[in-house]
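The chain is numbered in sequence order, starting from 1.
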Amino acid sequence: MTLSPTATEALCITGDPRSGKTGALVERAVAWAETAPATPDAQPPLLFFCASPVTIDDAALRLSQRGLANVPVEAVGLAEPATCQHGPRTGLVTTPFDYACRILADPRAQRAIGRGGRVLSRAEEAVFYEDLKTCGLKRRRLRELWAFLQCGLANLNDGDPNWIQTTEERAILDLARDILAFEDAILPGEVVNLAVRALEVEPTLRQRFGSPVVLADDYLLMSRASQRLVNLLAADKIAVAGNEYDILPAFESYPCATGFAEFEETYSPLQRVTLEAPFPTVERSWKAAPDLSDEMRLIAQTIANELACGTDPHTIAVVGTNRTWRTNLQRALASVGIPAAPLGHPSLKAPKGNLASTSKEDRERVLRLLAVDHGNAIAWRQWLSFDDALGRSAAVSELRCVAQPQGLNLAEALAALDDDALPGLPAESPFAQSLLAPYREAQRLLGEEAPSVSPEPATHPTPAVAIAAPEDLFGHTFEVVIFGGFVNGFIPSRDMCDPGVIVGGARARQETTDRAAIALAEQRTTRRLLFTSFKSCDLETAERLRLHIPRIRLRSGVRTCNIEPSSYLEELNLGPKQTSGPTDQSHPSA
């Protein structure tokens, strides 16, 4: 990939987690901002890109503390980008995805790529995928092809004429583009790709959206398209930072691991800084409870003690690798009056194609969109998906085949169909009737003054303890992290504990992932890291949770399983040596 040649000074900062990479990047941003030339009012004097939306608040705070006052933050989301006023010594902290949305909102960008519209939400993307199923391919094959196409867009493979090689791939790509054009929509997975293409085609966009100083944190967690976007926007100086070795969760679905090598090939001379700051020590310990319910009580008591000592609930996180275990823990904490909430890890992933159940709130939300903009084609498609998603996909496909050659989008086609003014699709046809019934229902509801169309009241979240999967911790820092359910079957998984199920390279990759999860928990805490486990569990629960069962005993008429603490405890110098799991040297893959 050929990167932007416009930057005259380039810096690459590498180092281990918590080695000070972000701090070094902030210091360089401050130094460069002081000497940066004046820029037009429309152009940000400094762009600071984060790989994930969870890190932008921290980056903006650091920049503000170092004198870059009033640094605006552009939060992740599919709404309109936040308005940003640029003044002396200010900049913009954002993600490549959000800044790409800002670029695509410019009419010049839309003309350059021949596309426009709004970015689909997760629910709307699921409806789009349902429409894609009308291609007739089997679901598994469609998922494989769609993942291949999404990966290609993230890696900018669409610039290669040999990228699409089969008729199936071409048919799916063409159908997807027709559906998106009919609904005036843009997929989240193609946003950055389209912004890059617009910047390459229209030079005035780089003058409008570029900046003399561009910095990017966690560079290797960005896709190739995002890395390309960062480089295209740098007019004078550019700096990137990241860790070359650790496996971390990424906001983007297809991070480019070769980004540093490509960056180094492009910029010469390149300044390279490697940080080796000592890893801060934290208090590490392990506690084992007699059974699963006792472990829940142990964690609750630990949290209660921390709260009694004045620890803020926001600075406490409980980590578990098993989703059912985390759900049960949240209920257990709520039962003793400890507020807890899941800590989701935001990401942009290709949809699985499963529609969520429709609620009254979903209908009211779509009606609010239509009340504001009656011609919102995406909202109309979402409304049509309610009650009969499969049948409506076929009907919308038929409508598109008739209306799109006439230059109509979905909203315009529905209006013409309602007036029986759409040649090729009579209003009395079964397809037309299946669309007109919900369309006319929406028209009736929009004509009434119903309370359901009123704006939603603002809510203020209660301070709560975070319950998270290990990967959710990325970008957050906590005083106390409790890694619960630290038993064989959860980490490592049962398949890893059973000899011969996972061997060779797959086993090595899974061990690397497990150790990265443990390391991430340690990196995200500043004071205390507690591992908890349980020693026994009834057989039914153990099977449902897929725990590793080395031995079963009959206790008080109940089949009870002995549960071993995680074999990784030995590596952490916290627990006894185990006879099963990935540290078992007798295992054939060891």
Side-chain angles (χ1 to χ4, degrees), residues 3-4 6-15 17-76 82 84-99 102 206 209-222 226-243 251 259-260 263-264 266-267 269-275 277 475 477:
L3 301 180
S4 168
T6 56
T8 57
E9 185 175 354
L11 170 67
C12 181
I13 303 173
T14 61
R18 299 283 293 274
S19 62
K21 299 183 302 298
T22 302
L25 202 61
V26 167
E27 293 300 322
R28 184 54 59 104
V30 172
W32 281 351
E34 291 177 346
T35 60
T39 61
D41 293 338
Q43 187 180 60
L46 179 146
L47 283 173
F48 193 106
F49 286 101
C50 298
S52 171
V54 300
T55 60
I56 59 177
D57 287 333
D58 178 68
L61 177 61
R62 294 192 189 201
L63 288 167
S64 296
Q65 291 173 341
R66 292 293 293 115
L68 294 175
N70 303 319
V71 178
V73 171
E74 189 163 288
V76 71
C84 174
Q85 298 295 329
H86 304 297
R89 290 172 57 78
T90 68
L92 179 66
V93 180
T94 183
T95 64
F97 174 80
D98 283 297
Y99 205 68
R102 174 179 290 222
R206 295 178 67 177
F209 293 99
S211 173
V213 176
V214 173
L215 307 103
D217 199 10
D218 294 312
Y219 190 68
L220 295 190
L221 298 184
M222 298 178 180
S226 293
Q227 293 171 358
R228 171 69 167 169
L229 180 73
V230 168
N231 284 272
L232 283 171
L233 295 170
D236 186 26
K237 296 178 172 62
I238 184 170
V240 299
N243 180 11
F251 171 63
F260 281 158
F263 187 83
E264 192 167 2
T266 301
Y267 295 101
L270 173 71
Q271 303 176 52
R272 184 135 190 169
V273 175
T274 302
L275 302 177
T477 302

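Closest of all the heavy-atom pairs between A216 and V230 is CB-CG1, 4.0 Å. Across T14 and K21, no two heavy atoms sit closer than the pair C-CD, 4.0 Å. Of all heavy-atom pairs spanning P212 and P45, the tightest one is CG-O, 3.6 Å. Heavy-atom minimum distance, L25 versus A239: CD1-CB, 3.8 Å. Summarising the geometry of Q227 relative to Y219, their closest heavy-atom pair is NE2-O, 3.0 Å, with the distance given to 0.1 Å.
Every residue was checked against the side chain to side chain donor-acceptor pair (under 3.5 Å) condition with T55, not counting sequence neighbours, and none meets it. Contacts of E27 classified as side-chain contact (heavy atoms from CB on, under 4.5 Å), with partners at least two apart in sequence or in another chain: R66. Scored by the side-chain contact (heavy atoms from CB on, under 4.5 Å) test, A51 finds D218, L221, M222 as partners (sequence neighbours excluded). Looking at residues two or more places apart in sequence or on another chain, you find a salt bridge (Lys or Arg N to Asp or Glu O under 4.0 Å) between R62 and D58. Scanning for side chain to side chain donor-acceptor pair (under 3.5 Å) contacts around T477 gives an empty result, with sequence neighbours left out. Under the rule for a ring pair (Phe, Tyr, Trp, His ring centres under 6.0 Å), F48 has no partner lying at least two apart in sequence or in another chain.
For the atom pair CD1 (I13) and OG1 (T274), the distance works out to 10.0 Å, reported to the nearest 0.5 Å. Remark: I238 CD1 to L47 CG distance equals 10.5 Å, nearest 0.5 Å.
A side chain to side chain contact (heavy atoms under 4.5 Å, CB included) with L46 is found for one member of L92, V93, L215, V30 and no other, namely L215. Results of the side chain to side chain contact (heavy atoms under 4.5 Å, CB included) test with I56 over D217, D98, L61, T95 single out T95 as the only residue that passes.
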#### Entry: side-chain contact (heavy atoms from CB on, under 4.5 Å) evaluation trace for F251 with V54
CA-CA 9 Å; F251 171 63; V54 300; over 6 Å; no
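Looking at heavy atoms from C-beta onward, F260 lies in side-chain contact with V240 at the 4.5 angstrom threshold.
Note on ring orientation: taking the six-membered ring where Trp is involved, the planes of Y99 and F209 are perpendicular (angle over 60°, cut-offs 30° and 60°).
Counting only distance, with no hydrogens or angles, the side chain of T8 and the backbone of D236 share a donor-acceptor pair below 3.5 Å. Judged by distance alone, the side chain of S211 and the main-chain N or O of V214 form no donor-acceptor pair under 3.5 Å.
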